[in-house]
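Comments concern the structure below.
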Amino acid sequence: MPTTSLIDFADPRDAAAPRLRHAFASPRQVLVAARLQEVTGVLHAVEAAARAGHWCVGWVRYEAAPAFDPALAVHAEAQGEGAPALAWFAVYDAPAPWPAHEAAGTATIDWTQALPRAAFDAALSQIQQGIAAGRYYQVNYTAPLMGTWQGDAQALFAALRRAQPGGYAAHLDDGVGTQVLSVSPELFFDWRSGPTGAGGILTRPMKGTAARGATPEADAAQAAALRGSPKERAENVMIVDLLRNDLSRIAAPHSVRVPALFHTEQLPTVWQMTSDVVARTRTGTRLADVFGALFPCGSVTGAPKVEAMRAIATLETGPRGVYCGAVGVVRPDPAAGAGAIAATFNVPIRTVELRGGHARCGIGSGIVWGADPAAEWGEWAAKRAFVDRASAPFDLLETLGLHAGVLRHRAEHLARMQAAAVHFGYPWNAARVQACLDALAASHAQGDWRVRLLLNAHGVPRAEAFALAATPMPVRLALADRPFTEAHSEFTRHKTTRRAHYAAFAPAAGGGGFDTVLYNAAGEITEGTFGNLALLLDGRWVTPPLACGLLPGVGRAVALREGRMVEAVVRLQDLPRVQGWAFINSLRGWLDATLDGMP
């Protein structure tokens, strides 16, 4: 039996309303469907319990779909003895308060890439052949990330919520080995039903994605491009039409409407496009009828749903599980009258399923005729960024120079750390951070020091000091032997202790090299592994712009402000024309440099 479940849902009808945030402990009953023929019975029992005044939280797996329509194809091995429940709900007398303190433990997940790029490209080609043959218009194709995990599941849930804040988050533990940690931004449906089943229902399919930009200007351009993209708008409209048709099966005549179309929502790593489809449900509608009309959500199947799901069952190598099913809460709604209920379910994308020491997280996208494999692969990378961020603890980091008790560029470093704290959802207390730095500076009032200022996920700062020796010039740089594929990662745009992507390019110890010159997949020079670069090109000093994918260094910002250099894109083919090199960071300032292999 589960001991604790957590629900942290937005109010889908009022963004300014308080969140539905509760803990649950010691259920009075657990309702489980192990086989397809048991699924509707569980939903009837959930509805009856909520109408009697109880709170029910749980999930319905994607593979439960044939319980509502036998024509919906899924992987058959996902049910029966030994398989996780197709539907699982815990029934509680009442919710408990949200925990006063966030879990203090840690958790890590070691992920593997389950789908090779060649297999991905082959699947997209097969889908587009099906579109050309007229079998479907769109297929939502997915694959699982598989990994091993260890640590505290509640701490992992907290890290996932920081990585994907807002939306409809839930941590459910079935007490027999499966935990579902969902931080989905997508609403499946919100149904407010009176005692007779009549009521209002809202669905909000999410379809259309763009990566976040590296700068405010680039970010705004990404959002505008998403809103204006004919391909993304067509993808969204296909699913809106599917949802309109699905809702008509339970809607009062002429009540299906689309009050909002092509709304862009800002998430930490991506922009997403949503639309609202609403209706009034007919008298006599039951919770199982709502699932029968809508499940699975069209945004994670494609259109038409039956043909798209047949393609999914053929293309995908195993069951999806809770991913792409439904996770939610069914509760009494006393404001609407005795026996009234409110049922709110997410579409469990951005969801991690834990079983034993194994972790699973699905990633996918809607494939249409105009889909480009490289762009879709990039979209998958952007979508998985939330789980990469949460998969291992990290601190925010600033490196400052301390000279005779004075911290160089202190205000600029604190401003950059605060921006990173906002981005990653870390608590920020400026006075506390200032006091931490003041204490360290007071204890190192003489000499030159390298200071590391760190801020952990709970907002606790600490500072360390190390003796700083002078750096002989010129320093030697070497060109990387391959592209820096993490150039546009959030762990490149913000400075943290997660630096394995940089360490992989660091010069070999004892080789005399100072740093490595990195370049992105487009062949544009970006930065070094621990500092920015300046290049003397055509008689002026230039530095790569942030849009190329690099850390906005404090020393770089100072040099730009002082007019010592300007921003310009420099490509690999430009290197023979470079007349001089410099390495720049706040700690060491401007260091003359040479590039190995160049005159």
Side-chain angles (χ1 to χ4, degrees), residues 12-13 36 39-40 43 47 59-74 87 135-140 168 184 186-193 197-208 234-263 273-313 320 324-328 330 343-349 364 366 368:
R13 299 170 188 265
L36 288 173
V39 172
T40 56
L43 293 175
E47 180 176 356
W59 69 67
V60 180
R61 289 183 178 270
Y62 176 86
E63 284 72 31
F68 309 111
D69 183 348
L72 300 177
V74 297
R135 291 198 293 273
Y136 37 72
Y137 308 111
Q138 178 185 158
V139 171
N140 194 78
Y168 308 90
S184 175
E186 183 173 5
L187 175 70
F188 181 19
F189 67 82
D190 182 70
W191 182 43
R192 307 295 170 95
S193 169
I201 188 166
L202 163 67
T203 68
R204 186 170 290 146
M206 180 174 284
K207 190 56 66 178
E235 188 177 335
N236 189 281
V237 166
M238 288 177 193
I239 302 308
V240 167
D241 285 345
L242 189 156
L243 264 292
R244 290 173 62 193
N245 183 68
D246 284 353
L247 274 179
S248 69
R249 299 165 63 185
I250 55 172
H254 313 297
S255 70
V256 179
R257 296 183 300 109
V258 183
L261 193 64
F262 306 143
H263 173 69
M273 186 185 292
T274 65
S275 295
D276 286 4
V277 188
V278 302
R280 288 184 290 107
T281 53
R282 295 190 293 264
T283 299
T285 300
R286 303 186 68 180
L287 180 64
D289 298 326
V290 175
F291 271 88
L294 301 178
F295 190 86
C297 183
S299 63
V300 293
T301 62
K305 185 180 288 187
V306 170
E307 288 299 326
M309 288 184 66
R310 285 175 182 163
I312 289 167
R320 289 181 171 184
C324 293
V327 168
V330 186
T344 309
F345 284 82
N346 74 17
V347 180
I349 58 175
V368 295

Quick one: closest heavy-atom pair of [X] and [Y], and the distance?
| X | Y | result |
| --- | --- | --- |
| A311 | Y136 | CB-CE2, 3.8 Å |
| L202 | R13 | N-NH2, 3.7 Å |
| F188 | A326 | CD2-CB, 3.9 Å |
| L287 | E47 | N-OE1, 2.8 Å |
| N140 | S299 | OD1-O, 3.3 Å |
| L72 | P296 | CD1-CD, 4.2 Å |

Query - Atom OH of Y137 with >12 non-hydrogen neighbours under 6.0 angstrom - result: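 No, OH of Y137 has 12 or fewer neighbouring heavy atoms, counting only those of other groups under 6.0 Å.
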Keeping [X] on the side-chain end and [Y] on the backbone end, is there a donor-acceptor pair under 3.5 Å?
| X | Y | answer |
| --- | --- | --- |
| S193 | G199 | no |
| D276 | R204 | no |
| T301 | M309 | no |
| S184 | Y168 | no |
| E186 | N346 | no |
| R282 | A251 | yes |

Requested in this report: Any chance you could lay out the side-chain contact (heavy atoms from CB on, under 4.5 Å) test for F345 and L294, step after step, and finish with the verdict?
Outcome: CA-CA 12 Å; F345 284 82; L294 301 178; over 6 Å; no
Query raised in the report: Any Lys/Arg nitrogen of D289 or R286 sitting under 4.0 Å from an Asp/Glu carboxylate oxygen of the other?
Result: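 R286 and D289: not salt-bridged.
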Of the options [options], which is the one that meets [X] in a side chain to side chain contact (heavy atoms under 4.5 Å, CB included)?
| X | options | result |
| --- | --- | --- |
| I239 | S275, C297, P205 | P205 |
| N236 | M273, H263, M206 | M273 |
| W191 | V290, V330, I250 | V290 |

Less than 4.5 Å apart, any side-chain heavy atom of [X] and any of [Y]?
| X | Y | value |
| --- | --- | --- |
| I312 | Y62 | yes |
| V74 | R61 | no |
| Q138 | L242 | no |

Query - Atom pair CG (D246) and NZ (K305), whose distance is rounded to the nearest 0.5 Å - result: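 Answer for the CG-NZ pair, D246 versus K305, is 4.0 Å.
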Report task. To the nearest 0.5 angstrom, please state how far the CG atom of L247 sits from the OG1 atom of T203. Result ->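 Going from CG on L247 over to OG1 on T203, the span is 5.0 Å.
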Query raised in the report: So, do F291 and F189 have ring centers that fall under 6.0 Å from each other?
Result: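 Yes, the ring centres sit under 6.0 Å apart.
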Query raised in the report: Taking atom types as modelled and ignoring hydrogens, do the side chains of D190 and T344 form a donor-acceptor contact shorter than 3.5 angstrom?
Result: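 On atom types as modelled, these side chains qualify, holding a pair under 3.5 Å.
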